[in-house]
A.B. asks: 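This is the structure I want to talk about, given as structure tokens.
Residue numbers begin at 1 in each chain, while the letters A, B, ... track the order of the sequences.
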2 protein chains.
Amino acid sequence: MKIDPNKPADLSAQIAAAIRDAIVSGALIVDERLPSEAELADHFHVSRPTVREALKRLAAQSLIRTQRGATGGAFVRRLSYEDAYSQQITTSTLLLSMNAIRFDTACEARYALERACAPLSAQRRSADHLATMRSEIFRQGQPGLTDEAFCASDVAFHRALVDGAGNPVLSYQLAGAVEAMQPLMNMITFTARSRTEIVGLHARIADAIEAREAAAAEAVLSELEVYTQDLGRNVMAERAQRSG
Amino acid sequence: MKIDPNKPADLSAQIAAAIRDAIVSGALIVDERLPSEAELADHFHVSRPTVREALKRLAAQSLIRTQRGATGGAFVRRLSYEDAYSQQITTSTLLLSMNAIRFDTACEARYALERACAPLSAQRRSADHLATMRSEIFRQGQPGLTDEAFCASDVAFHRALVDGAGNPVLSYQLAGAVEAMQPLMNMITFTARSRTEIVGLHARIADAIEAREAAAAEAVLSELEVYTQDLGRNVMAERAQRSG
DNA sequence: GAAATTCATTTGTCAGACATTTAAAAGTCT
DNA sequence: AGACTTTTAAATGTCTGACAAATGAATTTC
């Protein structure tokens with residue numbers, strides 16, 4: 001690592017890129033300590049604030065962690081699944097909200113990905129995953145449940161379905177898709193969603209997963225998609241009529 | 001927006017979080033200009049370097065862009081698909097390389113997601129997507145092609161297949177999965193991969209997509225997965241034998 | 001009226017300083 | 001000698017003040 005063309009601008013971005021490259025290329029390994037800020041400043045021929053800005057960029061991407069004190073410094077951080085989840089969710093949410101993604105596009109993507117997990121989940125789901133699905137279904141049937149709590153339970157149910165596939169990479173990829181849909185789903189929930197219908201479909205999904213019937217699970221997921229898409233169209237139409 | 005409990009540490013992280021919340025919640029909209037660094041410093045009762053560290057954190061996540069000059073400042077940035085792609089790829093790559101993900105886990109996830117796109121791609125692919133797939137297949141058959149170029153072409157082929165589904169959210173989700181697999185795939189390519197076999201399977205996928213036969217496309221993708229998994233097992237076994 | 005100039009604003013960078021945290025080294029007492 | 005306390009050094013966190021560079025707007029000039 002460690003070169004720095006002095007011509008263009010934005011030194012802190014260049015330094016951050018240099019260190020990032022060193023990390024992704026494996027030149028810096030997990031838990032390895034970076035040189036101190038003063039040493040880095042000396043090495044790159046810049047001031048300490050500039051180095052600090054570069055380090056903050058890396059910290060924002062969960063690439064390093066810093067520790068104060070005598071043996072402190074910046075250390076290469078192991079990117080955990082949790083960190084990756086939250087980054088994915090933030091990115092997906094912003095992407096959807098800032099680019100005027102149509103509801104049907106997001107919905108289609110979400111259920112397509114979820115159907116991809118169904119066969120694996122039917123095959124491998126543990127009793128634990130199944131219990132989570134059942135308990136979330138039970139909660140969704142409680143009369144006093146707020147809309148927010150129902151939505152959260154809905155996410156938890158689908159999360160259990162995905163996690164049942166026993167593939168952390170798949171879970172990580174799906175986290176963004178499912179969670180980022182939440183604001184869009186809320187838009188519908190508070191107007192038109194029939195909880196009874198949803199709970200019934202959820203129960204059939206759980207049944208199929210319990211019976212290890214992959215095709216049935218996929219089919220019910222498709223039904224759920226159709227139902228959700230219909231709701232979306234109705235809400236859109238109503239909204240258009242009201243404003244027109 | 002903008003409150004800041006003064007008790008805990010890491011002021012720049014708190015300020016970054018406050019501004020980030022304002023963006024995700026919609027209080028700050030795209031292309032809106034943030035207050036100047038001096039104004040932010042005044043508002044949060046911190047110094048300008050601290051504010052700058054916070055802004056660099058946000059810039060690292062592609063949430064803002066900065067511009068110098070009289071009418072310059074920090075502006076809320078529209079998160080583009082390209083930005084989201086590259087962030088996803090970086091995150092996925094690091095997640096895989098830092099957590100000792102098994103080859104079969106990553107491979108399974110990748111093909112499961114890709115199969116999810118197949119039906120949509122079979123239904124909607126344009127002549128353009130098909131032409132890209134065909135031309136990449138042709139390139140993969142050229143004898144003088146380097147291993148690196150073959151890998152890049154492989155990625156381009158699968159990318160065209162995914163993009164054929166015409167769902168940008170799906171394309172975004174898949175980009176990370178496919179590209180992050182590249183280093184792991186290279187591990188195999190340089191030892192055992194039979195290009196003829198791969199090209200043949202690719203051709204059958206393209207045929208199925210052209211004929212709009214979703215089930216056939218999924219089936220060939222499954223064959224490709226099995227072939228890839230076999231290669232992975234062989235490479236692992238050989239490696240184990242050599243070291244043992 | 002158009003071109004050139006000045007100017008004010010804002011980010012980018014630097015230098016130096018002090019505060020705080022933390023672990024190791026040094027010192028002290030039993 | 002061993003355990004406890006104190007000191008010290010190293011590192012990050014933060015602040016102040018300053019200058020450089022870019023850039024659009026206002027002003028001046030022809």
A.B. asks: Roughly how many Å is it from CD1 in A:Ile64 to P in D:dA11, rounded to a whole number?
C.D. replies: 16 Å

A.B. asks: In terms of side-chain heavy atoms, does B:Asp163 have a donor or acceptor partner in B:Ser171 at a distance below 3.5 Å?
C.D. replies: yes

A.B. asks: Taking 4.0 angstrom as the limit, do A:Glu225 and A:Arg110 come out as a salt bridge?
C.D. replies: no

A.B. asks: For the atom pair CD1 (A:Ile19) and CG (A:Leu55), what is the distance rounded to the nearest 0.5 Å?
C.D. replies: 5.5 Å

A.B. asks: Are the charged groups of A:Arg68 and B:Asp10 less than 4.0 angstrom apart, N to O?
C.D. replies: no

A.B. asks: Round to a whole Å and report the spacing from CD of B:Gln14 to C1' of D:dG13.
C.D. replies: 13 Å

A.B. asks: Across nucleotides 7-15 of chain C, 5' to 3', mark each nucleotide with B, S or - according to how protein heavy atoms within less than 4.0 Å reach it.
C.D. replies: --BBBBBB-

A.B. asks: Could you state the interatomic distance from CE (B:Met98) to OG1 (B:Thr93), rounded to the nearest 0.5 Å?
C.D. replies: 11.0 Å

